[in-house]
Amino acid sequence: MKDTNKHQGLRNQLAKQLEEKGITDKNVLEAIKRIPRHLFLDSGFEDFAYQDKAFPIAAGQTISQPFTVAFQTQLLQVKKDDKILEIGTGSGYQTAVLVALGAKVYSVERQNELFKITSALLPKMGIRPKHLSFGDGYKGLPNYAPFDSIIVTAGAPIIPKPLMAQLKIGGRLVIPLGEGEQIMTMLIRKNETQFEKHEFGEFRFVPLLEDKN
Ligand code: SAH
């Protein structure tokens with residue numbers, strides 16, 4: 001696993017592009033500069049890893065586009081030691097960005113193949129989420145709840161109720177909602193029963209599927 005000056009240069013350029021596209025959170029941009037995205041892709045994609053594009057990973061899934069990762073992460077307003085639930089571990093790249101921001105990350109993946117690959121990869125890179133889990137993210141992780149924030153990285157037809165229940169008061173749930181195209185949606189939990197809803201632009205994700213595979 002090699003990370004060279006050339007890769008660092010490409011990451012700096014990518015962060016600059018993301019800033020031009022509207023990412024303002026300096027900590028998020030720093031995390032993008034630090035995480036070697038090329039190591040999360042098959043070697044065949046190494047030359048493209050720092051383009052602002054999604055790419056295929058194992059099990060017919062995709063690694064999210066860097067802008068999408070930065071946009072969702074920025075919405076979470078991550079503070080050090082925040083306890084964050086991620087649904088859709090996938091390649092682990094988004095997980096790594098959250099860990100770089102000092103978060104305690106709990107992540108769930110429904111594809112066993114990806115769960116195994118990513119569980120082996122992250123520690124090899126010295127990246128330590130609190131907990132990686134193989135299961136159905138529609139259920140969240142009740143045993144570890146509540147969370148300061150929750151990020152869903154697959155397109156969801158509905159907001160799963162268990163995720164709302166597992167959010168702390170004041171916490172943020174960021175979820176792309178819709179089939180085909182998704183509207184980036186953020187819920188802020190106001191109290192036991194009320195959530196404030198904010199909508200952002202359109203994005204395109206692989207679907208959030210029920211049960212595990
Ligand atoms: N954060 C990932 C995005 C991967 S794409 C990355 O940066 O690489 C979305 C992921 O969500 C896929 O790996 C898919 O298998 C997973 N997924 C889909 N439905 C799920 C569910 N119900 N529970 C957990 N993971 C799910």
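As the structure lists them, so they are numbered: ligands from 1, and atoms in each ligand from 1.
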Any donor-acceptor pair under 3.5 Å linking the side-chain atoms of [Y] with those of [X]?
X	Y	value
Glu109	Thr89	no
Gln194	Asn191	yes
Arg11	Tyr50	yes
Gln65	Asp52	yes
Asp25	Gln74	no
Gln72	Thr153	no

Quick one: nearest non-hydrogen protein atom to [atom], plus distance?
atom	result
atom 14 (C) of ligand 1	Gln61 OE1, 3.3 Å
atom 11 (O) of ligand 1	Gly88 CA, 3.2 Å
atom 17 (N) of ligand 1	Arg110 CG, 3.9 Å
atom 5 (S) of ligand 1	Thr62 O, 3.1 Å
atom 23 (N) of ligand 1	Gly137 N, 2.7 Å

Task: Partner of Asp148 by salt bridge (charged side-chain N to carboxylate O under 4.0 Å, His left out), out of Arg189, Arg172, Lys168 - done: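 Of Arg189, Arg172, Lys168, salt bridge (charged side-chain N to carboxylate O under 4.0 Å, His left out) with Asp148 is met by Lys168 alone.
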TODO: Answer yes when Glu199 and Lys197 have at least one side-chain N-carboxylate O distance shorter than 4.0 Å, and no when they do not.
DONE: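 Answer for the salt bridge query: yes.
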Task: Nearest neighbour of atom 13 (O) of ligand 1 from the list Glu109, Lys139, Gln111, on a heavy-atom basis - done: Glu109
- [ ] For atom 19 (N) of ligand 1, state which one of Leu209, Val206, Thr153, Thr118 supplies the nearest heavy atom.
- [x] Leu209
Please state whether [X] comes within less than 4.0 angstrom of ligand 1, counting heavy atoms only.
X	result
Thr89	yes
Lys212	no
Glu210	no
Pro207	yes

Task: Worked check of salt bridge (charged side-chain N to carboxylate O under 4.0 Å, His left out) between Lys16 and Glu19 - done: CA-CA 5 Å; Lys16 208 163 149 235; Glu19 200 172 0; over 6 Å; no
With heavy-atom distances below 4.0 Å as the criterion, list the atoms of ligand 1 near [X].
X	answer
Glu86	1 (N)
Ser91	6 (C), 7 (O), 8 (O)
Leu114	13 (O)
Gln94	1 (N), 7 (O)
Gly135	23 (N), 24 (C)

Open item on the list: When you compare the side chain of Ile127 with that of Thr95, does any pair of heavy atoms fall below 4.5 Å?
Closed with: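 Heavy-atom side-chain distance check fails, nothing below 4.5 Å.
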Task: Backbone or side-chain N or O of Asp136 under 3.5 Å from ligand 1 N or O - done: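 Right, the criterion is met.
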Open item on the list: Do Phe71 and Met186 sit in one hydrophobic cluster, given that two such residues count as connected whenever their side-chain heavy atoms are within less than 4.5 Å of each other, even indirectly?
Closed with: yes
